[in-house]
Amino acid sequence: MKSIVIHAAKDLRIEDRPVEEPGPGQVLLRLAAGGICGSDLHYYNHGGFGTVRLKEPMILGHEVSGVIEKLGSGISGLKPGQLVAVSPSRPCYSCRYCREGMHNQCLNMRFYGSAMPFPHIQGAFREMLVADALQCVPADGLSAGEAAMAEPLAVCLHATRRAGEILGKRVLVTGCGPIGLLSILSARRAGAAEIVAVDITDFTLAMAMRAGADKTINTKTDPEGLAPYLADKGTFDILYECSGAAAALAQGIAALRPRGTIVQLGLGGAEMALPMSAVTAKELTINGSFRFHPEFAVGVELMRKGLIDVKPLITHTVACDEALSGFELANDRSRAMKVQIAFA
Ligand SMILES: [Zn+2]
Ligand SMILES: [Zn+2]
């Protein structure tokens, strides 16, 4: 079977790997769609991010859906031919954080396509994938592409949980890539009264409007665009920082009202400077947000009920053999939002 393997920065190869057999409690999936994520791009562009570096070839990919080909023993509730969204979150369920219900902080996490541990955790961009039945959420009624959006959606639903109460609140979103847009959809679903989105490209801002932002500001062409929101020590109750850019974080903090909350999703790849005096003086709360666990199934359910529509975010779908051009396309925020690879 074909697999999409990263060897080093800008060295992406399609390689033949053996198909595995599903064990007890596992299923064999024929991959349907795989979304290219910011972290996949970091491995592709830079060979890693921050202190995380590629030390051996790794199959990329963690945003996937597939069709069940074969069931291992002891499985109920799934059937061959069924489309499922596959959660890349594989916690151990037994470490101290798992036992506390903080599965995303698992000490033994085997999250697909991650070079954090060594040996690296191989990813899911492969034609045939063996997954635990526990990872598979039935996605009947969704397209393969929508089902593959469950992972980034779950990231933003988790961030929304980290934001605290949103009902009636004013929300600022900095960075309008897929995570920013899914944050807009999630915050709106949670009851945000006003959502303003900031980025530096008009293409992503137009997408943010489509996703339901009330107003967008291009801080590159309109550096003073946030000025009206700085009055009375700031306007917004909640900041979803999705860019990983220190400048965006600083702008967002200036526009937060006293006792506002920062939810930091963006991983800038380096340490980000923080205007700590403003955090102190305005008594701001900083909440990091990292991955997800129960939110994955919630995201699938919200999509299946038509309560969140991710379809407009999928701007490009390329064939597996075109993966390389797909990665280059995903790098271009002036025309691509979510680029997915069609495996079937
Ligand atoms: Zn992702
Ligand atoms: Zn654990």
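Just so you know, ligand 1 is whichever comes first in the structure, and atom 1 is the first atom listed for that ligand. Every value quoted in this text rests on a predicted model; they were computed, and no experiment measured them. Residue numbers run from 1 in the order of the sequence given.
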Please confirm whether H158 and F292 have ring centers closer than 6.0 angstrom.
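That pair fails the under 6.0 Å test.
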
Among the N, O or S atoms that E151 has, which is closest to the Zn ion (ligand 1)?
OE1

If you consider just the N/O/S atoms, which atom of E63 is the closest one to the Zn ion (ligand 1)?
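Per the distance ranking, E63 contributes OE2 as its closest N/O/S atom to the Zn ion (ligand 1).
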
Less than 3.5 Å apart, any donor N or O on the side chain of T280 or S277 sitting next to an acceptor on the other?
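Their side chains do not contain a donor-acceptor pair, so the 3.5 Å distance test is not met.
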
Without hydrogens or angle criteria, can the side chains of T174 and E241 be said to hold a donor-acceptor pair below 3.5 Å?
yes

Any donor-acceptor pair under 3.5 Å from N287 side chain to R162 backbone:
yes

State whether C106 contributes an N/O/S atom found under 2.8 Å from the Zn ion (ligand 2).
yes

Please report, to 10°, the angle around the Zn ion (ligand 2) from atom SG (C92) across to atom SG (C95).
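Roughly 110°, rounded to 10°.
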
